[in-house]
Amino acid sequence: MTGAKSLGEFELIDRFFSRPSSVAARSDVILGVGDDAALLCMPAGADLVAAVDTVVAGRHFPLDSDARSIGHRALAVNLSDIAAMGATPAWATLALTMPRADEQWLQGFADGLMALADAHGVALVGGDTTSGHLTVSIQIMGHVPRGTAMLRSGAREGDLLVVTGTLGDAGAGLALVTARMATDDRAASDHLIERFEYPIPRVQFGIAARGIANAAMDLSDGLVGDLPKLARASGLAAHVDVGRLPLSRAMQSLGWDDQARDWALAAGDDYELLLAVPPTRLDELSDAAHRLDLKLTAIGELRRGNGVHWTLDGRAFSAPAHGYDHFL
Ligand code: ADP
Ligand code: MG
């Protein structure tokens, strides 16, 4: 691109992604960026928890998104997977593919990514840099005390289904940034766009919920896409009262009622946690959420059977057919 200063591969890795300070802060990083591979030291008696998530320009975020938001989101979606397991995040590697090495873009991207990494004490220990269509793939690694990770398959009959935060905000935010929807309510609009651009992975809550909840997953594809996965993995039927889905004040103030409910059910990108908790332990989980200033809402329960059964005002409700799916 004319006007933009271009950098070589090694210079850009050195400038933006090799951060000795964040590595020095972790005694479990024996070797970070710079060699053929990173060397990491697992705590004794822990299970390694690893996940990878890719975000593609024009697919997971609009092509003209702010670089800082792209950096933040790419890591946030991965931290959200770690949170869903109840794990403590520790290390990440970054595979970055971009059309050109634009210094200003890289600065914003690295700022967004590193600010979130620092907030969670995560060290970037390696990666790969290539040219092509803008694609960011992050591998995250963390750990849990052996055998304690929260699985999708752990739910029991009678467990309550609870969700953190509010649902549908990111769907509304995306509709607003892409101008599919518009409003004069600037404060509400800013809040919803922020929820899309800067999702907050529920890492501390995931750790707190470990040992209380029987099962958990994060909501990346919307409840209609994700809940069937938990129900199926646990061999149970999920019953959800759609009227109880938590909507943010910003969302409610816009008065887009049916649309808001659809976003809450199917838009995805919220990165809240969905958990199954025995009724006897709901108070404990609510206290943990309260301490983190996080809203927690019971939306239904798990019973014998299979599938997901939606109701609204006591009647069967037909939910949107599917959540976000790349191939549908
Ligand atoms: P190799 O050819 O051995 O894969 P590279 O030349 O690709 O090594 O990378 C050199 C070093 O820089 C490696 O330690 C690699 O992990 C790291 N690295 C490359 N790209 C990134 C990136 N985008 N973020 C963080 N580390 C990176
Ligand atoms: Mg390489």
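We use all heavy atoms of the structure for the numbers below, so side chains are in, but hydrogens, waters and symmetry mates are not. Counting starts at 1 for both ligands and their atoms, in listed order.
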Out of Ser18, Gly34, Ala110, whose heavy atom sits nearest atom 11 (C) of ligand 1? Gly34
Per-atom contacts of ligand 1 with [X], taking only distances under 4.0 Å to non-hydrogen atoms:
X      : value
Phe10  : 6 (O)
Asp36  : 3 (O)
Thr129 : 19 (C), 20 (N), 21 (C), 22 (C), 23 (N)
Gly126 : 16 (O), 24 (N), 25 (C), 26 (N), 27 (C)

Does an N or O from Gly127, backbone or side chain, lie closer than 3.5 Å to an N or O of ligand 1? yes
Structural part of Ile13 in contact with ligand 1, heavy atom criterion under 4.0 angstrom: side chain
Heavy-atom pairs closer than 4.0 Å: do any link ligand 1 to the side chain of Asp35, the backbone, both, or neither? backbone
Does some side-chain heavy atom of Val29 sit less than 4.5 Å from a side-chain heavy atom of Trp91? yes
Has Arg244 got more than 12 heavy atoms of other residues, nucleotides or ligands less than 6.0 Å from its CZ? yes
Test your reading of the model: is there a side-chain donor-acceptor pair from Asp270 to the backbone of Glu272, 3.5 Å cut-off? no
Measure from NZ or CZ of Arg15 to the centre of the six-membered ring of Phe10, then state whether that distance is under 6.0 Å and the direction lies within 45° of the axis. no
Could you grab the distance from atom CH2 of Trp263 to atom CG of Leu245, nearest 0.5 Å is fine? 14.5 Å
Can you tell which of Val163, Leu296, Thr164 makes a side chain to side chain contact (heavy atoms under 4.5 Å, CB included) with Pro246? Val163
